[in-house]
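Data block below; observations after.
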Amino acid sequence: MAQLSTLARGACPHDCPDTCAWTVRVENGVAVELRGDLDHPFTAGGLCAKVNRYLEDRVYNPERLLYPVRRTGPKGEGQFARVSWDEALDDIARTLERIIAEDGAEAILPYSYMGTQGMVQGMAMDGRFFARVGASRLERTICGDNGQAGVAATIGIDAGIDPEDIVHARFIVIWGTNTVVTNLHLWPFIQRAHRAGATVVVIDPVRTRTAQAADWHVQPMPGTDAALALGMMHVIVAEGLHDADYIERYTVGFERLRERLKEYPPGRVATITRLAETNIVELARRYAATRPAAIRTLIGMEHRQNGAMTFRTIACLPALTGAWRDRGGGLVAMTGRHIRNTLPMKRLWMPDLEDPSTRQINMLEIGRALTDRSLRPPIRALIVYGSNPAVIAPNQTLVLQGLARHDLFTVVHEQFLTDTARYADYVLPATTQAEHLDLMYSWGHLYLTLNLPAIDPRGETVSNSELFRRLARAMGFDDPVLQQSDEDIIRSVLDTDHPWLEDITYDRLLERGWAKLRIPEDWRPFAEGNFPTPSGRCELYSERLAAQGLDPLPNFEPARESPAGEPELAARFPLALIAAKSALHFLNSSYSGTARHLRAEREPLLDINPLDAEARGVGDGDLVRVFNDRGAVELRTRLGERVRAGVVSMPSGWWASHSRTGRSANALTSDGVARWGRGGDFHDTLVQVERLEPAVA
Ligand code: SF4
């Protein structure tokens, strides 16, 4: 019998800037091959080591959840028995109704993030459903918000030039991001620029793979990037290397900035950053003198109380030197806003359905919210989808205590039995990207991609949108917007006359799979000002910030947990912790439970400088305890210069259940919410290290 073979176009669903386009070959209803799309200019046929075996690792993984299950043992033990969808939905709906009757709908909390970053499966029907319920609203600010707030304060939008234009740059500063690992499809563009003569500089407190591949690695102390940017600006202005014409025409507040810069001579900045003064001066001179000059930022620096100010300060540099004038010059920041601004995004989650007076709970404070006995109403039901708070949320011990509460009703929609799912009362099986329809935006390039289901959903798995359609029916909600189909949602969000979307329709995407926003070929968004700020200029001084009681000028603020911020704490816990992405094989906490990826990562290691190790009697490979007042983690060391003295680093994505003593990096991290940006301050974390056992011979 002849085989029926088809090809479905799609895109990677993960929380990664690259949003790779892929094709899935299907034979007789079985997906047999998944490859990066060769024709896609950004993907260029390659997927990363995490995802290149997506079919066997996720879609057909024998450990995948295919049926609804109900808990049969203690919370956290992972004992479940299969139930029917009808049984599960009926019990969930009746339980939610009872909680609403007793304590009000705010006793229900949704918890989600970018487990899939598709517009339909990640940010549509769920929002409508919870608005209809009247549940507590989740502030989804775990990633990106501090940095975006900071960049937008300076240039009016949290996005810069087309990342593909970095190929034209001749001085590239990769600032606080590990491109080779976390944004690997941008790297070939940087390599092309390098071959054409560009200098590549990496500013990062960790000697990452990208830092090793660069011409020059600048290694400041963590959290001091704003001071470095101010020191660079000091040199640029003091030596007359600034673009006076660009500043005069297109910026506001230069004279006040000039006064502020007097506080940051290179000598003082050298003390703050622990860089050589000569390095700071040379970096400033070369950045200002080489054109086009691009600064590449992403996420790394933002998870701090001073994160927004750091990004705001760095975003001033291209205006000071007029780098925006050149193709390939300026800031290469997240691109998501460019895409979101072209689309009527509100048609997805329909925020008008929401009562703005409903309580908000920040996702960073999930541990506190679940364990705070004074909270009224208390959180009595937690509905988790597209996230794994037991691993990714800070202050892990508190989060696990909360999840273990016997009076908390927890429902988790998942593909695998994650650490969070182990605490659930019901785990409902989720489709993979090969089994549902979605429209993908990207925060790392300017392409929209249609993801078509390649195969039927396996077992009884359902997509995120189908889950909430079913839950709505089970709760008797008859609002038509709670039953809209995925295709209708996509068609409605593409129905716009924005010039950048000309000819980009659902049917065109069906043919080709993806399309780039119709930006001009030589697109220099701020070459002649046109900043979308209140003044229309790049705001070196910001009236908006002043009105909010924030510093209106770029500035450096020491980390909250630092010798300058909390001296007593720093005396007890003298090492700054970077809980870094272990992104070679894990993606946040995705793949940290997959056998192939676990084998590749082997075990989490603590990077520690030999000076700090010696001071503690710690050798390479020793088992150590890393601790602070929030918790403790046990792991083995890796001695070397990847981090400077005073800094330690460990990977953040390991599941607690796979770690010694049941705790991973977030047992240590701070769960504060930044006043400006409302994002996290994970990296404002101090720890101490002590030796437990010598290395295994
Ligand atoms: S995780 Fe990122 S790099 Fe890997 S396939 Fe997905 S989008 Fe591409």
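Order of listing sets the numbers, starting from 1, for every ligand and every atom in it. Everything numeric here is computed off the predicted structure, so don't read it as measured data.
Crowding of Arg207 atom CZ: a count of heavy atoms from other residues, nucleotides or ligands under 6.0 Å exceeding 12.
The tally of protein N/O/S atoms under 2.8 Å from atom 2 (Fe) of ligand 1 stands at 1.
Trp654 pairs by the side-chain hydrogen bond (donor to acceptor under 3.5 Å, both in side chains) definition with nothing, not counting sequence neighbours.
Ion pairing of Asp57 with Arg64 is absent here, as no side-chain N (NZ or NE/NH1/NH2) approaches a carboxylate O to less than 4.0 Å.
For the pair Ile392/Ser387, a side-chain contact is recorded, criterion being any heavy-atom separation below 4.5 Å from C-beta on. Contact of the Trp187 side chain with the Thr210 side chain is registered, since non-hydrogen atoms from C-beta on lie closer than 4.5 Å.
A cation-pi arrangement is found for Arg58 relative to Tyr591, the charged atom lying closer than 6.0 Å to the ring centre and inside a 45° cone about the ring normal.
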